[in-house]
*Asks:* 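Supplied in structure tokens, the structure appears directly below.
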Amino acid sequence: MKNGKILLKGNEALGEAAVLAGCRCFFGYPITPQTELLEYLARRLPEVDGVFLQAESEIAAINMVYGAAGAGARVMTSSSGPGISLKQEGISFLAAAGLPCVIVNVMRCGPGLGGIRPSQADYFQATRGGGHGDYRLPVLAPASVQEMADLTVRAFALADQYRTPVMILADGLLGQMMEPVELPAGPAADPPPRPWATTGCRGRQKNVINTMHLYPEELEAVNRQLQEKFQTIAREEARAEKYLTGDAEILVVAFGIVARIAKEAVNKARAAGIKAGLFRPVTLWPFPARALASAAAKARAVLTVEMNAGQMVEDVRLTLDGSRQVHFYGRAGGMIPAGQEILEEIRRIGGMQRGRCARPA
Amino acid sequence: MKNGKILLKGNEALGEAAVLAGCRCFFGYPITPQTELLEYLARRLPEVDGVFLQAESEIAAINMVYGAAGAGARVMTSSSGPGISLKQEGISFLAAAGLPCVIVNVMRCGPGLGGIRPSQADYFQATRGGGHGDYRLPVLAPASVQEMADLTVRAFALADQYRTPVMILADGLLGQMMEPVELPAGPAADPPPRPWATTGCRGRQKNVINTMHLYPEELEAVNRQLQEKFQTIAREEARAEKYLTGDAEILVVAFGIVARIAKEAVNKARAAGIKAGLFRPVTLWPFPARALASAAAKARAVLTVEMNAGQMVEDVRLTLDGSRQVHFYGRAGGMIPAGQEILEEIRRIGGMQRGRCARPA
Amino acid sequence: MAAALARPEALAPEPMHYCPGCGHGLIHRLTAEVIDELWIREKTIGVASVGCSVFAYQYFNLDMQQAAHGRAPAVATGIKRVLPDRVVFTYQGDGDLASIGLAEIVHAAARGEKITVIFVNNANYGMTGGQMAPTTLPGQKTTSSPGGRDVKQAGHPLRIVEMLATLDGPAYLARVSVHNPAQIFKTKKAIRKAFETQISGLGFALVEVLSPCPTNWGLKPVEALRWLENNMVPYYPLGEYRSIAPGAAELNETKRRTGRTERG
Amino acid sequence: MAAALARPEALAPEPMHYCPGCGHGLIHRLTAEVIDELWIREKTIGVASVGCSVFAYQYFNLDMQQAAHGRAPAVATGIKRVLPDRVVFTYQGDGDLASIGLAEIVHAAARGEKITVIFVNNANYGMTGGQMAPTTLPGQKTTSSPGGRDVKQAGHPLRIVEMLATLDGPAYLARVSVHNPAQIFKTKKAIRKAFETQISGLGFALVEVLSPCPTNWGLKPVEALRWLENNMVPYYPLGEYRSIAPGAAELNETKRRTGRTERG
Amino acid sequence: MAKPATIEIDRERCKGCELCGAFCPKKIIRPAPDTNSFGYHPAELFDPARCTGCGICALVCPDTAIVVRKEEAA
Amino acid sequence: MAKPATIEIDRERCKGCELCGAFCPKKIIRPAPDTNSFGYHPAELFDPARCTGCGICALVCPDTAIVVRKEEAA
Amino acid sequence: MLERIMIAGFGGQGVLFTGQLLAYAGMLEGKHVCWVPSYGAEMRGGTANCVVTVADEEICSPLAEEPGSLLIFNLPSLLKFAPRLKPGGILLLNSSLVKSEIKRSDVRVYPVPANQLAEKIKSAQLANLVMLGTYLKISGLITLDSVNKALEKILPAHRRHLLSYNRKALESGMAIVGG
Amino acid sequence: MLERIMIAGFGGQGVLFTGQLLAYAGMLEGKHVCWVPSYGAEMRGGTANCVVTVADEEICSPLAEEPGSLLIFNLPSLLKFAPRLKPGGILLLNSSLVKSEIKRSDVRVYPVPANQLAEKIKSAQLANLVMLGTYLKISGLITLDSVNKALEKILPAHRRHLLSYNRKALESGMAIVGG
Ligand SMILES: Cc1ncc(C[n+]2csc(CCOP(=O)(O)OP(=O)(O)O)c2C)c(N)n1
Ligand SMILES: Cc1ncc(C[n+]2csc(CCOP(=O)(O)OP(=O)(O)O)c2C)c(N)n1
Ligand code: SF4
Ligand code: SF4
Ligand code: SF4
Ligand code: SF4
Ligand code: SF4
Ligand code: SF4
Ligand SMILES: [Mg+2]
Ligand SMILES: [Mg+2]
């Protein structure tokens with residue numbers, strides 16, 4: 001390990017990385033297990049003359065983000081489960097208006113009030129648009145405290161490059177745990193020029209941030225432009241980590257913290273003579289479909305492991321399109337899949353006949 | 001046509017059917033293009049000693065639904081686009097608590113404020129859970145004013161049978177248009193007994209409506225029960241309409257009002273000697289996968305047509321799992337796919353080589 | 001010897017999870033005592049909110065619903081509209097009621113919704129670890145106002161009872177405190193009035209209870225009560241802000257409804 | 001001859017879509033005139049809300065954002081916090097501000113957010129076809145209160161300015177009307193004060209403008225003004241409810257900020 | 001010193017709300033018999049000689065359809 | 001007529017907040033030296049003879065850990 | 001038989017009502033019918049239109065990509081919709097309000113001085129029914145009788161006293177068609 | 001080398017801090033480390049625990065299905081976690097507070113009278129560091145020196161004056177291990 005590392009909670013690393021990435025503006029509302037992020041920025045942002053404001057609600061926070069992003073700021077908000085659900089109207093507006101910003105979901109268990117332990121059950125919401133209308137937003141899934149920092153810097157860069165809200169989809173475990181982090185240098189503190197921002201129209205035509213288009217021809221054109229942007233992002237920005245996939249006969253697919261537990265299981269499987277490998281999507285949207293297809297090239301079967309009832313597995317199935325058996329193993333409610341459980345699944349699948357493949361009903 | 005029909009707007013037919021189905025309780029907030037439903041019930045419910053309350057917001061409305069459903073009432077709310085996004089936290093709570101109720105989304109165009117013309121771009125939100133956590137809810141997609149009424153009755157029955165919120169996913173065109181309707185008789189006005197409802201604990205143990213479970217073992221068990229319920233619904237309640245699918249070489253898949261336009265295109269294709277057929281999911285969740293697989297048995301290619309950028313097409317692909325070419329044609333922003341456009345797509349696909357099949361990137 | 005001052009029936013026997021010296025446990029008990037004394041336990045539905053007192057659904061020995069954060073007044077409205085002859089109350093913290101749930105409480109009050117609201121103001125978000133609430137005092141340090149609440153940035157605290165008193169809807173509004181035995185008696189009296197207001201059909205009733213959060217205030221329980229008295233009470237004056245006295249008709253109604261005894 | 005009373009520069013030249021006799025067009029123009037007169041057009045950012053006036057983003061000839069229904073104060077907060085030396089205003093209807101957006105306006109006011117709010121109260125939801133608003137008068141018929149607003153069911157109308165006047169945050173609060181030329185002058189004066197309050201750094205300012213909606217009231221424009229005068233004005237008393245006079249420092253500030261002229 | 005003054009009404013902007021006519025102290029504005037291209041009967045000044053240029057009509061016009069023209073004071 | 005009275009403290013419910021002791025007019029309650037199974041030092045009545053049964057300790061106890069016992073009046 | 005009729009004009013000219021009346025009458029005759037109003041981009045005081053489909057068979061699409069008939073009440077609607085009329089289709093024009101020349105020669109154009117005729121009966125408000133009368137006569141789609149029955153059903157209570165004027169307007173519209 | 005240590009007790013006994021200290025010291029030695037606190041079901045005033053992983057290689061799972069060492073500060077934690085200890089693992093017990101018998105014979109049990117030792121130094125508040133000291137000595141995982149350095153870094157300012165007591169507590173914990 002190199003020097004210059006500090007021991008931070010995932011939530012704190014994310015907060016500090018945001019500051020290093022030039023974020024000078026945060027609007028949020030407390031909710032476990034993301035509160036340390038808000039508290040960190042409550043201390044930190046005033047030190048850099050930034051704006052920290054605890055909003056009266058998640059809805060107010062996301063709409064403050066809209067205003068601030070529209071006014072040209074690098075801005076972030078964060079929440080979890082119920083709070084993210086409340087932000088869905090706002091997220092749809094941000095995506096429609098093409099406003100760069102970063103939205104953090106440190107996932108807890110649902111549905112409803114649920115529990116505050118880690119979960120990955122907001123995958124659908126994040127990747128399919130929990131809000132109304134056709135939109136997508138880049139979703140980054142860190143798997144370590146280091147990535148909580150690195151992907152935050154990346155999130156701000158993506159937001160700026162594509163004029164889009166970007167979501168960081170972490171979970172309570174990542175948020176609460178501490179690991180050594182090497183803090184990223186981050187891009188220049190100044191965001192790129194935003195000629196479209198509403199900053200007062202001195203010396204230019206007026207700017208408008210708006211999502212309403214009553215004429216269908218106009219709104220269809222807006223939607224088409226959005227879809228083109230999404231296609232560009234889908235083509236350019238998919239990222240994944242591959243581990244021992246070259247010769248893998250059983251390919252485990254997992255994201256976030258679960259991927260690390262799965263890696264341990266893969267190691268144990270290899271030790272036991274099973275050719276297992278791990279594929280970890282780092283971007284959940286765009287889903288790294290091409291990389292997965294190539295990682296699965298030698299695989300007899302694929303095992304998706306998630307802390308939910310089966311969500312990313314749909315993207316795995318869509319990607320492999322019937323070409324591979326796709327199995328699923330999940331835990332819910334804050335129960336974390338144990339390495340031993342995953343290993344047993346790998347064993348079970350390894351011993352399976354080709355025909356006995358679980359398909360969606 | 002039989003006698004006893006009356007000419008109603010889709011929104012009104014839905015409202016009257018709700019009353020006939022024993023719904024005596026509505027909480028809503030105005031939004032185009034569903035407002036006639038609210039206005040209809042503002043007049044109608046007092047006539048049957050029902051509760052009509054215009055809430056201060058969509059969020060208040062969905063939480064009033066929670067309270068009323070928990071207290072044992074047959075209850076409904078309705079909205080569109082942005083308003084449905086605001087209800088997502090509440091919907092997650094309702095699903096988690098297993099509270100029967102009906103939620104109507106008369107879709108308009110997004111994302112953002114968008115426009116008020118018809119759209120189908122809330123399919124993902126409806127079928128994948130726009131709210132947080134693992135949950136599903138039955139989603140019914142009417143295609144005529146008659147079905148606006150019939151599926152409303154069905155929605156209340158499903159809600160009661162499975163103790164679940166049920167969504168009716170209509171669109172602005174269905175809501176605004178008038179057709180002759182034969183009003184359904186509906187089930188008995190009294191809902192089935194609700195021994196779990198919080199009505200005061202006289203003569204029994206206390207009842208609790210709750211979605212919080214801090215112990216992960218407990219929350220996992222709750223989630224498992226929910227998933228079992230969803231699996232039962234998936235097994236038992238999928239519904240679809242098939243039209244000329246027996247020998248169809250090109251199978252068009254469309255839901256709601258688009259399916260009717262597609263039917264016209266299928267008729268024209270048949271007239272032109274192309275063996276086209278139509279598959280219309282009536283339940284969007286559960287998606288009628290088995291029925292689709294059988295309807296596509298003879299098909300060389302499948303064409304999904306939607307008023308969005310491609311959402312249900314994912315379920316079509318998941319169902320056919322690589323066994324058929326799946327094409328997509330969509331319009332957005334309130335533009336409605338014309339029969340002529342669909343016909344041309346059918347023609348184009350009909351003339352295509354097997355290999356030139358569009359796959360997700 | 002007979003047990004006096006025993007646990008009320010409307011309070012479940014299990015121990016509560018609150019911190020030592022927390023006001024919630026006490027306010028739970030007072031509410032439960034009032035419910036017992038009015039003999040309405042079997043016709044009452046309580047609505048727990050999200051905050052340290054989320055477990056109120058467990059601690060009150062009567063039908064309960066657990067509402068989303070801030071939405072208890074909407075949930076209570078849904079219940080009361082459907083079951084107008086039952087007694088419905090919400091139990092809400094200051095983050096829940098005054099921050100995220102502000103629209104819901106104001107509109108329930110403006111509608112004159114016939115519910116009773118127990119509003120526990122402990123000047124911070126207890127459950128999430130002591131962040132600033134709309135009720136946090138100027139200069140008060142919290143985890144999200146580490147330098148003390150700066151009114152220039154974070155604004156001035158909300159006085160909910162005073163604000164609701166500008167509406168036509170509420171029938172009973174009071175602010176009380178639990179910092180000593182005499183005030184605890186007054187608190188119970190106010191809670192009783194707030195339930196009677198509902199039962200007699202007069203309208204919306206809310207009692208704001210100033211309550212200690214020793215843990216997040218970083219004080220011992222006894223010190224916390226002193227801090228409350230010296231800092232919160234001056235900022236949040238105690239007293240009744242609205243009290244529509246029941247007429248003869250309403251008194252009869254109260255009798256009729258509570259008289260239908262459950263225990264006797 | 002020279003044109004007097006011509007279209008202000010801050011108002012775009014295109015025709016507006018409002019119904020004949022609607023108050024929005026007039027209030028737009030008054031706001032634009034004030035912006036011109038203070039020479040702040042090029043440093044002002046407006047926030048349009050959702051209601052008939054959603055197109056304000058088109059009609060004001062200056063930088064504009066269009067906010068989600070009810071959330072304009074939050075959006076304005078976001079802008080103002082990032083650009084504290086700009087002038088930020090919201091333009092909101094009564095459904096937008098007093099119903100769905102109540103929490104946002106109260107908290108912006110409580111924070112003393114330095115923004116100006118133009119609040120157009122036309123006693124109904126105009127855009128969606130005339131449903132009841134929180135400001136709809138008792139007995140007033142709307143499409144969602146077809147028998148007239150029944151205060152027993154739907155509660156009493158909210159008086160927003162009075163409610164906000166209980167807070168410490170606001171620096172200027174007034175209610176005005178546009179039912180005749182004299183009142184129109186007063187309206188413009190109040191709007192001017194509300195902008196000056198912001199510019200001089202005093203804090204939150206809100207002007208409630210009683211405004212006709214002839215279409216949904218089912219009245220001719222001239223009748224609508226009469227109805228407004230006879231029915232709304234008595235229920236919603238006109239006047240200034242809070243006016244913190246700027247001190248010398250603030251006046252200097254105003255001069256400095258508006259003096260940096262754009263046209264001259 | 002009486003100043004010659006008049007008003008100009010933009011017929012296409014006018015929506016025929018009749019507010020100008022109602023508040024004009026001289027009562028010299030009325031709806032035109034014909035319609036503009038939106039189907040409205042626009043306001044017309046039927047007795048221009050009596051116009052004082054007081055500007056009340058322009059003040060009350062919701063659609064900024066009226067411009068008052070006055071000769072400048074010296 | 002002085003009534004014999006005493007209080008019972010439920011050691012396992014008690015969280016050692018010391019409010020009872022602070023408000024007891026007779027100052028006869030203090031924290032026990034040992035802990036209960038939750039690690040708290042529960043309250044203990046160290047001079048029962050002086051207890052008047054006034055009930056203030058039970059009134060202020062947030063955890064309903066105190067029951068007052070009095071002999072019934074005849 | 002499947003006929004799609006588009007009716008278009010300013011808001012306030014009764015175009016939506018006219019369409020509903022036609023649809024209702026069709027229903028009374030046991031036909032399949034469908035009525036779709038314009039909604040969306042049109043602003044208050046702007047244009048309004050609706051599409052009525054009347055058919056013997058099931059109606060698939062409720063829309064009219066190529067309407068078979070057009071009832072036009074103002075100039076903007078004429079410019080917008082005339083090009084979409086099916087070749088051979090019927091174009092009824094309220095000639096009291098729309099003076100423009102029709103460029104298409106492949107459609108049947110019928111100018112109706114509907115406002116004048118309506119004013120003779122009572123007021124210009126009845127012009128829509130005059131137009132409908134003419135259309136009934138030309139198209140033969142629905143009988144006057146059915147439309148009269150429909151009128152009784154859907155005329156709101158506060159306009160019930162105008163029933164006889166409505167009938168007269170319909171008849172006066174029919175009367176102008178030769179034969 | 002990869003070692004997983006679980007530290008468990010009541011809230012307020014410093015178990016989370018002890019874990020952070022260990023992790024920080026591991027980091028200073030250039031090792032891979034990871035610290036995971038319990039959070040969730042535990043209520044205020046309830047139990048608290050954390051898992052520290054110290055390794056030479058990359059740490060995959062941050063959790064401890066089978067911890068190699070246990071530092072136990074109260075009875076509920078003993079009952080809950082002792083069964084999960086790896087065979088051959090180390091079980092340190094604050095014997096001042098936990099009197100129970102250990103049923104497992106396949107683990108190495110070390111009772112530490114930590115409160116007594118801590119009180120001798122200054123107060124029972126230091127019991128956690130006494131335990132840690134003993135653990136350092138037994139396990140040899142991390143040097144005292146690294147822990148002392150870590151202490152300087154992470155002790156909050158308002159407890160900085162206690163640094164020497166903390167050090168004494170660590171040493172006193174080490175001292176009880178024979179040899
Ligand atoms: C929508 C939503 N946002 C945030 C939270 C997190 N949360 C739980 S309790 C709470 C604050 C509670 O504070 P208060 O109402 O004052 O109650 P207290 O704990 O102080 O009694 C918050 C923000 C949540 N559960 N749901
Ligand atoms: C979240 C959401 N809910 C509802 C609507 C629908 N809606 C649009 S405008 C409006 C009411 C506007 O009323 P008001 O604010 O009084 O403005 P007015 O039109 O009367 O000027 C509503 C409910 C919406 N666009 N978004
Ligand atoms: S944190 Fe505060 S409010 Fe919550 S239980 Fe502890 S003392 Fe009570
Ligand atoms: S509906 Fe009312 S508020 Fe809306 S434009 Fe027309 S008159 Fe104005
Ligand atoms: S300027 Fe005055 S007098 Fe002249 S038309 Fe206008 S209102 Fe009348
Ligand atoms: S006030 Fe304006 S819009 Fe109204 S009639 Fe007069 S000129 Fe026309
Ligand atoms: S009953 Fe009264 S005197 Fe006895 S211990 Fe309690 S407070 Fe003290
Ligand atoms: S007040 Fe209750 S909890 Fe507190 S020390 Fe006394 S008995 Fe124990
Ligand atoms: Mg609180
Ligand atoms: Mg309004």
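The model shown is predicted, which means the values in this text are computed figures rather than measured ones. Note on naming: letters A, B, ... go to the chains in the order of the sequence lines (proteins, then strands), and numbering restarts at 1 for each one.
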*Asks:* Ile45(C) versus Val87(C): any side-chain heavy-atom pair under 4.5 Å?
*Replies:*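 With C-beta onward as the side chain, the pair stays apart.
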*Asks:* Does a donor on one side chain and an acceptor on the other come within less than 3.5 Å for Ser99(C) and Tyr125(C)?
*Replies:* yes
*Asks:* Give the interface residues of residues 19-33 of chain F toward chain C, defined by a heavy-atom separation under 4.5 Å.
*Replies:* Leu19(F), Ala22(F), Phe23(F)
*Asks:* Using the six-membered ring wherever Trp is involved, compare the ring planes of His28(C) and Phe60(C) and label them parallel, tilted or perpendicular (cut-offs 30° and 60°).
*Replies:* tilted
*Asks:* Going by residue number, which parts of residues 179-195 of chain C are within reach of chain F, meaning a heavy-atom gap below 4.5 Å?
*Replies:* His179(C), Asn180(C), Pro181(C), Ile184(C), Phe185(C)
*Asks:* Hey, does the Lys NZ or Arg CZ of Arg159(C) hover above the aromatic six-ring of Tyr235(C), less than 6.0 Å from the centre and inside 45° of the axis?
*Replies:*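 The answer is yes, since Arg159(C) meets both limits relative to Tyr235(C).
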*Asks:* Hey, which residues of residues 222-231 of chain C are touching chain F, say heavy atoms under 4.5 Å apart?
*Replies:*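 Those residues of residues 222-231 of chain C which have a heavy atom under 4.5 Å from chain F are Val222(C), Leu225(C).
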*Asks:* Using a 4.5 Å cut-off on heavy atoms from C-beta on, say whether the side chain of Val120(C) contacts that of Asp94(C).
*Replies:* no
*Asks:* My understanding is that only residues two or more places apart in sequence, or in another chain, count here; which of them pass side chain to side chain donor-acceptor pair (under 3.5 Å) with His24(C)?
*Replies:*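 Once residues adjacent in sequence are excluded, the partners of His24(C) under the side chain to side chain donor-acceptor pair (under 3.5 Å) criterion are Tyr91(C).
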*Asks:* Side-chain contact test, heavy atoms from C-beta onward, threshold under 4.5 Å: evaluate it for Tyr236(C) versus Asn121(C) and give yes or no.
*Replies:* yes
*Asks:* Chain F heavy atoms under 4.5 Å from Pro13(C): which part of the residue, side chain, backbone, both or neither?
*Replies:*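 When you check distances to chain F, only backbone atoms of Pro13(C) fall under 4.5 Å.
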*Asks:* Answer yes or no: is there a side-chain heavy-atom contact under 4.5 Å between Phe55(C) and His17(C)?
*Replies:*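 Side chain of Phe55(C) against side chain of His17(C), heavy atoms only: contact under 4.5 Å found.
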*Asks:* Please determine if Asp34(F) and Arg11(F) form a salt bridge, counting it only when a charged side-chain N lies under 4.0 Å from a carboxylate O.
*Replies:* yes
*Asks:* Between Gln140(C) and Leu137(C) (side chain of the first, backbone of the second, donor and acceptor by atom type, cut-off under 3.5 Å), is there such a pair?
*Replies:*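 Looks like yes, one N/O pair under 3.5 Å.
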*Asks:* Would you say the side-chain atoms of Asn36(F) pair up with the backbone N or O of Tyr40(F), donor to acceptor, closer than 3.5 Å?
*Replies:* yes
*Asks:* In the structure I gave you, are the side-chain heavy atoms of Val209(C) and Ser177(C) within less than 4.5 Å of one another anywhere?
*Replies:*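 A side-chain contact is absent here, since even the closest heavy-atom pair is not under 4.5 Å.
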*Asks:* Under a 4.0 Å threshold between the charged nitrogen and the carboxylate oxygen, would Asp63(F) count as salt-bridged to Lys15(F)?
*Replies:* yes
